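Report on the following structure.
These numbers come from a predicted model, not from an experiment. In what follows, chains carry the letters A, B, and so on, assigned in the order in which the sequence lines appear, proteins first and then strands, with residues in each chain numbered from 1. Note that these values count all heavy atoms, side chains included, but never hydrogens, waters or copies made by symmetry.
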Amino acid sequence: MLRARRRSWRLGRSWRTRAGGPRRRALIAVVAALVVIAPIAWMWIDSQMPSSYSVEDMGTPDLGGGPGMDHAGMAGMTGTAVDQLREPPGPADVDVTLTARAGRVTLPSGRVVDGYTLNGTTPGPEIRAVQGQMVQVRLVNENVAEGVTLHWHGYDVPAGDDGVAGVTQDAVGPGGSFVYRFRADQVGTFWYHSHQVADPQVKGGLFGALVVTPRDGLGDTADVTVMTHNYAGRRTVNGLEGDVPAAGAPGQRVRVRVVNTDNGPVQVWVGGAPYRLAALDGTDVNGPTPSTDSLPVTAGGRADLEIDLPADGAGVRVELGGASAVTFGRPLPPTPRPAGELDPLRYGSPAALPFDPAAADRRFDYVIGRRLGFLDGTPGMWWTVNGHLWPDVPMYVVREGDVVRMHIENGSGELHPMHLHGHHAVVLARDGVPATGSPWWSDSLDVQDGHSYDIAFVADNPGLWMDHCHNLAHPSEGLMAHLMYEGVTTPYRVGGDPHNDPE
Amino acid sequence: MRTTYRVLAWILAVEVVVQAAAIAWALFGLSAWIESGGVLDAAAMQAEPQFDGVVGFMVHGLNGTMIVPAVALLLLVVSFFARLTRGVAFAAALFLMVVAQVLLGMFAHAIPSLGMLHGALALAILVTAVMSARLTPAQRPVEAPSAAVV
């Protein structure tokens with residue numbers, strides 16, 4: 001036994017030190033190099049996407065504990081195509097044509113930047129409708145080489161009008177046009193923006209406001225729309241820098257509709273008078289009470305502030321992140337940000353929900369993480385959904401009429417403003433603490449790092465809907481999934497000839 | 001291969017210097033911009049404000065997440081062929097330190113105190129890279145002549 005071992009040691013030694021030595025060393029080196037490189041190369045190859053693909057084929061179906069998918073809903077089978085889910089043609093009460101242009105843009109402030117305009121301006125024209133009216137918007141692309149679309153952010157339009165390139169339509173190329181039609185059933189503050197190459201196009205100004213007023217109007221309340229946007233790193237309000245005076249008589253009530261068109265949250269506070277948070281994300285808050293706290297407005301989110309202007313004409317400032325302000329009355333110096341923050345989870349009065357979240361048909365998880373890997377061949381630290389890198393993300397499958405609950409959890413190290421298309425969800429709890437205020441309906445929800453939200457919604461708008469982060473740099477880094485109704489298909493593909501690129 | 005190993009190790013050392021220089025430029029530029037009236041909040045941060053030094057942030061981010069890890073990986077692969085005393089050990093240590101450094105850089109945004117480790121580890125990478133560049137060739141296994149004859 002001992003002899004045998006000694007013998008083999010001798011043999012091994014002689015093999016290593018004589019003729020076989022350098023060859024064996026080289027072999028070990030090659031194997032070691034392969035051990036390091038091969039998994040990386042495999043991950044790289046595996047991550048590459050074809051030049052065009054259907055989002056139907058993307059990810060892993062997640063039924064959320066509900067019934068299985070009808071075969072008609074599977075990719076390649078027949079079902080209802082998303083472009084069939086549209087309003088029929090007919091007369092419109094609000095009929096607008098928006099012409100998109102790319103190039104050097106002069107902002108209302110006079111500053112010149114590289115960007116985009118709609119009908120020659122950025123922000124684009126505000127579209128106003130009265131509840132119940134039919135809205136028709138014809139988008140014309142004059143010269144935007146990469147194509148454009150319009151997405152109606154926060155408006156639960158029919159799926160075929162959602163304006164997502166490669167999912168609900170092809171990007172509109174130069175010289176082309178597309179007509180959007182939807183009934184203005186929701187009252188409130190919304191906005192529209194391109195969902196083709198969305199990050200640079202929205203940053204560059206391809207957006208505008210959509211305001212729907214109640215049938216019986218707003219009475220004597222003055223109505224001010226405030227779109228905050230950073231153009232080339234400069235904070236603006238409706239394209240203007242610094243203090244922006246707005247119309248409002250002493251003693252009058254004003255409704256200030258703040259629309260955050262940027263990729264990060266904006267803190268809004270009011271100096272000189274208290275305010276009531278009248279609406280969030282286009283939905284009225286129940287029983288709003290006066291507040292002097294700072295209000296974080298989510299990227300893509302909207303907040304309607306109601307302020308009673310002082311009868312003596314004293315100044316009021318609606319401060320937007322401390323960088324710019326909308327002012328009323330006599331001049332007032334800038335006011336510091338209040339220490340307190342308004343928390344919609346506890347603001348306003350509770351009210352009954354139109355459905356019972358406890359009787360959910362489907363329960364989904366949307367857990368956001370981050371890890372090293374490849375995304376379509378590019379190495380980096382990418383976002384993960386439920387532990388997997390894009391495109392291996394969940395495809396949330398629902399059936400029309402389902403009550404759906406979703407648990408959103410963020411352990412990725414950064415804030416994510418989560419935006420579900422085509423639906424409004426009610427916030428049930430944050431970090432397991434139930435909501436106690438007014439029903440908090442949201443379409444753009446800031447999920448802070450290390451926190452979680454439980455939300456619920458009714459699947460009442462058949463289609464194929466994006467559910468993504470509205471820090472528009474993040475979807476192209478993998479933070480994007482879809483909500484798919486059983487039996488709904490899409491004839492459109494990401495990539496391909498129209499160069500559809502929704503992110 | 002030995003030369004390649006040494007060149008890569010020196011590149012890694014120089015990269016640490018570039019990273020330190022870039023982030024210092026960026027932070028001084030940021031404070032100068034704020035002093036002159038610039039306002040930084042989450043929305044502005046995402047919108048890439050323009051000031052002297054903002055390039056430093058981009059260099060630090062791109063360099064740190066792409067080029068430095070790529071160089072460290074190449075060094076590890078080359079180390080298998082370079083036949084330097086403890087060459088593989090040093091390259092592997094550098095690679096692991098670089099991976100840890102990238103992760104610290106990411107998660108310090110959530111836990112700022114990790115930034116202290118990020119700064120300290122940078123110096124450790126610099127020192128280890130310089131030591132790697134100065135490693136001596138491995139001694140060829142001596143063929144004991146008398147033993148071989150007998």
Practice prompt. Answer yes if the side chains of B:Gln46 and A:Asn471 hold a donor-acceptor pair under 3.5 Å, and no otherwise.
Written response: yes
Worksheet item: Is it the side chain or the backbone of B:Val102 that comes within 4.5 Å of chain A heavy atoms, both, or neither?
Response: side chain
Practice prompt. Examine whether an atom of A:Asn263 lies under 4.5 Å from a heavy atom of chain B, and if so say whether it belongs to the side chain, the backbone or both; otherwise answer neither.
Written response: both
Worksheet item: Does B:Gln50 reach the main-chain N or O of A:Ala232 with its side chain, forming a donor-acceptor pair under 3.5 Å?
Response: no
Item to complete: Answer yes if the side chains of A:Tyr116 and A:Ser194 hold a donor-acceptor pair under 3.5 Å, and no otherwise.
Response: no
Practice prompt. Measure B:Leu40 against the heavy atoms of chain A and call it side chain, backbone, both or neither at under 4.5 Å.
Written response: neither
Fill in: Contact origin within A:Leu34 toward chain B - heavy atom pairs under 4.5 Å
neither
Worksheet item: Between the side chains of B:Asp52 and B:Trp25, does any donor sit under 3.5 Å from an acceptor?
Response: yes
Discussion item. Distance alone, cut at 3.5 Å: any donor-acceptor contact between the side chains of A:Thr189 and A:Arg257?
Written reply: yes
Worksheet, complete the sentence: Cut-off 4.5 Å, heavy atoms of chain A, and the answer for B:Leu103 is side chain
Practice prompt. Could you tell me which portion of A:Val35 (side chain, backbone, both or neither) has an atom closer than 4.5 angstrom to a non-hydrogen atom of chain B?
Written response: neither
Item to complete: Please determine, among A:Gly233, A:Ala29, A:Ala33, the option with the most heavy-atom pairs under 4.5 Å with chain B.
Response: A:Ala29
Discussion item. Does any backbone or side-chain atom of A:Ser412 lie under 4.5 Å from a heavy atom of chain B? Answer side chain, backbone, both or neither.
Written reply: backbone
Worksheet item: So, does A:Glu503 use its side chain to make a donor-acceptor pair with the main chain of A:Ala473 at under 3.5 Å?
Response: no
Worksheet, complete the sentence: So, the part of B:Phe81 with a heavy atom under 4.5 Å from chain A: the answer is both
Response to the item:
Cut-off 4.5 Å, heavy atoms of chain A, and the answer for B:Met66 is side chain
Item to complete: Would you tell me whether A:Thr122 and A:His229 have side-chain atoms, one donor and one acceptor, within less than 3.5 Å of each other?
Response: no
